[in-house]
2 protein chains.
Amino acid sequence: MSQPTICPKFEKAISILSQKWTALVIYQLLLGTQRFSEIQSTIGISGKVLADRLKDLENQEIVKREVIPETPVIIEYSLTEKGKTMEPIIRDIEKWSQLWFEEDTDVQ
Amino acid sequence: MSQPTICPKFEKAISILSQKWTALVIYQLLLGTQRFSEIQSTIGISGKVLADRLKDLENQEIVKREVIPETPVIIEYSLTEKGKTMEPIIRDIEKWSQLWFEEDTDVQ
DNA sequence: AAATTAAGTTACATAAAGTAAGTTTATGGG
DNA sequence: CCCATAAACTTACTTTATGTAACTTAATTT
C-alpha cells in the first residue's frame, strides 16, 4: 500500500524555514530595513552563513537587496511583499514561545 | 552602543523549529497518533535522525511516547497539549506555501 | 532453533555551520 | 602617492549535523 505523501509546496516552505538562522533573519527584517552588519551583530550569526542566507532569501524573493553608493558602500536588506506575508508565521512562533517558556530557566 | 537583543524564549522556539525535520514530524502528528515507522516512511527521514528528533520533542514535552506491549512491541507517538498548540504555526506555513508556490515547477 | 517484525543503535561518510583571517572598493589624511 | 579605514563579503579550515546501511533486541510464530 502506498504511503501518504507531503505537499511539495509545504515541504518547500518548510525547507526554507528549517534552515538555521532563516527565521531569525526574517524576524529582524520585520522590524524594517537593515544592513548586513546590523543583522549580523543582532542575531549573532557569522558573516559567512548570513551571506548564504541572504542570497537564498533573495533567490526566493523573500528579501530585497539594495546597494547604496556611499563610501564605503552600504547594502540595505528588506522584506519583499512575499517576505512580509510571512509575518503571521513568525508572530505565531513568538506567541507560542511566550506561552510555553515561562521562566528563563526553562530556556537553555 | 549596545545591540538590541533577541528574546530568549523566541530564540528557543526558533531553535526547535529550525532543526531539520522537526516541523514535518509535528505536521504528521497533527494528523493523529502515529508509529515510528509510519512517520519515517511518510516524511522520508532516516531512522537515526527521527529517533533524535522524537527524543528532543519528548524532552520539550511536545511529543508523548507510549509503549504498546504487543509483539513485536509498538511505540505510539502523539502530540501533547503543548504540541497541539503549535498547530497555528504549522497551518500558517501551509497557507503561506499555498499562496506563494503556485506551480510544481517553482518547487525544486 | 530459525525467521519475523518494530524500533531503534552503531559506525562510517557527506554536508552544513562556525571561526578567523583575507579581499574588495572607495575615500580621506599625511 | 601611499597608508589607513570601513562595510560587505570570501576563503580556508575545523567542528557539528545529517545521511546511509548494516546490526541489535525482544517477543513470538513456524
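Letters A, B, ... mirror the listed sequences (proteins, then strands); counts begin at 1.
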For A/Ile90 versus A/Ala23, what's the shortest heavy-atom pair and its separation? CD1-O, 3.9 Å
To the nearest angstrom, the CD-P distance between A/Gln40 and D/dA6 comes to 16 Å
With sugar-phosphate taken as primed atoms, P, OP1 and OP2 and all else as base, the protein-contact string of nucleotides 12-30 of chain D at under 4.0 Å (heavy atoms; B, S, -) is B-----BBB------BS--
Measuring to OP1 and OP2 of D/dC9, would you say a side-chain N or O of A/Arg65 lies under 4.0 angstrom away? yes
Assess the pair B/Tyr27 and A/Phe10: is the distance between their ring centroids shorter than 6.0 Å? yes
Minimum heavy-atom separation for B/Val63 and B/Thr80, please, with both atom names. C-CG2, 3.8 Å
When the ring planes of A/Phe36 and A/Tyr77 are compared, do they come out parallel, tilted or perpendicular, using 30° and 60° as the limits? tilted
Could you tell me the separation between the CD atom of B/Gln28 and the CD atom of B/Glu38, rounded to the nearest 0.5 Å? 8.5 Å
Rounded to whole Å, CD of A/Glu66 lies from P of D/dA8 at a distance of 13 Å
Note: B/Asp92-B/Lys95 ion pair, threshold 4.0 Å (strictly below): yes
With heavy atoms of chain A within less than 4.0 Å as the criterion, where does contact along DNA chain C begin and end? C/dA17 to C/dT27
With a 4.0 Å limit, can you tell me whether A/Tyr77 has a side-chain N or O closer than that to the phosphate oxygens OP1/OP2 of D/dA7? no
With the threshold set at 4.0 Å, does a side-chain nitrogen-carboxylate oxygen contact exist between B/Lys84 and B/Glu87? no
Side chains of B/Thr85 and A/Trp96: is there a donor and an acceptor less than 3.5 Å apart? yes
